[in-house]
Amino acid sequence: MAIWVDADACPNVIKEILFRAAERKQVQTTLVANQPLRVPGSRFIRAIQVAAGFDVADHEIVQRVEKGDLVITADLPLAAEVIDKGALALNPRGELYTKENVRARVNMRDFMETLRSSGIHTGGPATLNANDRQQFANALDRYLAQQVK
């Protein structure tokens, strides 16, 4: 079991939670981004830099992810793809995506994009707050407790 992080848009505070968890549970954690990343020196944490381009990091994660792995992402199409491969997806706010909920969220995202492209202001996501960080940490701990003995 490994953790894959869609790191281009992952908040630094979430990365720090992941780094601590990787060390504590000794779980291979890989950050994938199209820009250079600094990660702590650890045998459990690494970064992969991919070429710049639309969804290049996402494609790299999909290629490498295996059944039972965990992917940290707010990208709904990526979450849907890794779930189809038997992996799990958790967003930085602590919401676990499932086969049951990810398609509905992709449809809602597409609907909101249609509204925005027609000139309707829909706002964006709320700023990540302390409660979100705590929910993420709790969800990650629950997952790791189940997977890593």
Side-chain angles (χ1 to χ4, degrees), residues 1-110 112-113 122-149:
M1 176 247 135
I3 298 174
W4 296 91
V5 182
D6 181 10
D8 283 321
C10 186
N12 287 330
V13 67
I14 298 301
K15 291 175 192 170
E16 292 298 325
I17 292 168
L18 288 163
F19 296 155
R20 289 191 300 273
E23 285 297 321
R24 186 176 72 250
K25 292 292 191 171
Q26 299 183 350
V27 174
Q28 184 63 52
T29 301
T30 305
L31 286 75
V32 181
N34 60 18
Q35 58 191 339
L37 295 171
R38 290 190 322 183
V39 297
S42 168
R43 63 187 178 123
F44 303 109
I45 302 167
R46 67 185 176 130
I48 297 174
Q49 183 178 351
V50 296
F54 185 71
D55 287 343
V56 175
D58 296 356
H59 294 305
E60 186 73 19
I61 292 170
V62 170
Q63 249 186 330
R64 293 176 179 246
V65 73
E66 296 181 5
K67 184 177 180 177
D69 287 354
L70 177 65
V71 175
I72 309 302
T73 186
D75 184 304
L76 290 165
L78 173 59
E81 283 191 75
V82 300
I83 288 169
D84 286 345
K85 287 190 73 174
L88 297 171
L90 179 65
N91 78 16
R93 296 179 189 275
E95 181 183 9
L96 186 65
Y97 295 122
T98 64
K99 281 189 182 280
E100 292 75 33
N101 70 20
V102 74
R103 294 291 172 209
R105 291 200 177 40
V106 168
N107 290 339
M108 180 56 77
R109 182 204 65 151
D110 292 346
M112 297 302 280
E113 180 59 34
T122 60
T127 303
L128 193 73
N129 61 40
N131 186 49
D132 296 327
R133 293 189 295 269
Q134 188 62 52
Q135 286 183 324
F136 175 81
N138 291 343
L140 180 63
D141 283 345
R142 279 192 302 276
Y143 173 77
L144 291 173
Q146 293 171 348
Q147 300 298 319
V148 181
K149 305 299 179 203

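Worth knowing before you read on, the calculation uses all heavy atoms, side chains too, and leaves out hydrogens, waters and symmetry mates.
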Nearest-0.5 Å distance, [atom1] of residue [X] to [atom2] of residue [Y]:
X	Y	atom1	atom2	value
Leu78	Glu60	CG	CD	12.0 Å
Tyr143	Ile72	OH	CD1	9.0 Å
Gln135	Leu140	CD	CG	13.5 Å
Gln26	Ser42	CD	OG	9.0 Å

Are side-chain heavy atoms of [X] and [Y] found at a separation under 4.5 Å?
X	Y	result
Leu37	Gln49	no
Val56	Asn34	no
Leu18	Phe136	yes
Leu70	Leu144	no
Val39	Lys15	no
Gln147	Val27	no
Leu128	Ile14	yes

Item to complete: In sequence, state the C-alpha distance, the side-chain angles, and the governing distance for Ile48 and Arg64, and then conclude on side-chain contact (heavy atoms from CB on, under 4.5 Å).
Response: CA-CA 11 Å; Ile48 297 174; Arg64 293 176 179 246; 3.6 Å; yes

Ignoring hydrogens and angles, write down the donor-acceptor pairs under 3.5 Å from the side chains of residues 81-91, residues two or more places apart or on other chains.
| from | atom 1 | to | atom 2 | distance (Å) |
| --- | --- | --- | --- | --- |
| Asp84 | OD1 | Arg103 | NH2 | 3.4 |
| Asp84 | OD2 | Arg103 | NH2 | 2.8 |
| Lys85 | NZ | Val62 | O | 2.6 |
| Lys85 | NZ | Val65 | O | 3.4 |
| Asn91 | OD1 | Arg93 | N | 2.8 |
| Asn91 | OD1 | Gly94 | N | 3.1 |
| Asn91 | OD1 | Glu95 | N | 3.0 |
| Asn91 | ND2 | Glu95 | OE1 | 3.4 |
| Asn91 | ND2 | Tyr97 | OH | 3.1 |

Worksheet item: At their closest point, which heavy atom of Cys10 faces which heavy atom of Val5, and how far apart are they?
Response: SG-CG1, 3.9 Å

Worksheet item: Can you name the closest pair of heavy atoms from Gln28 and Ile45 and give their distance?
Response: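 Reported closest heavy-atom pair: NE2-N, 4.2 Å.
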
Worksheet item: Judged by atom type as modelled, is there a donor-acceptor pair below 3.5 Å linking the side chain of Asp8 to the main-chain atoms of Asp55?
Response: no

Fill in: Single hit among Thr29, Asp69, Thr73 for side-chain hydrogen bond (donor to acceptor under 3.5 Å, both in side chains) with Trp4
Asp69

Discussion item. Under a 3.5 Å threshold, yes or no: a donor from one side chain and an acceptor from the other, between Glu16 and Asn12?
Written reply: no

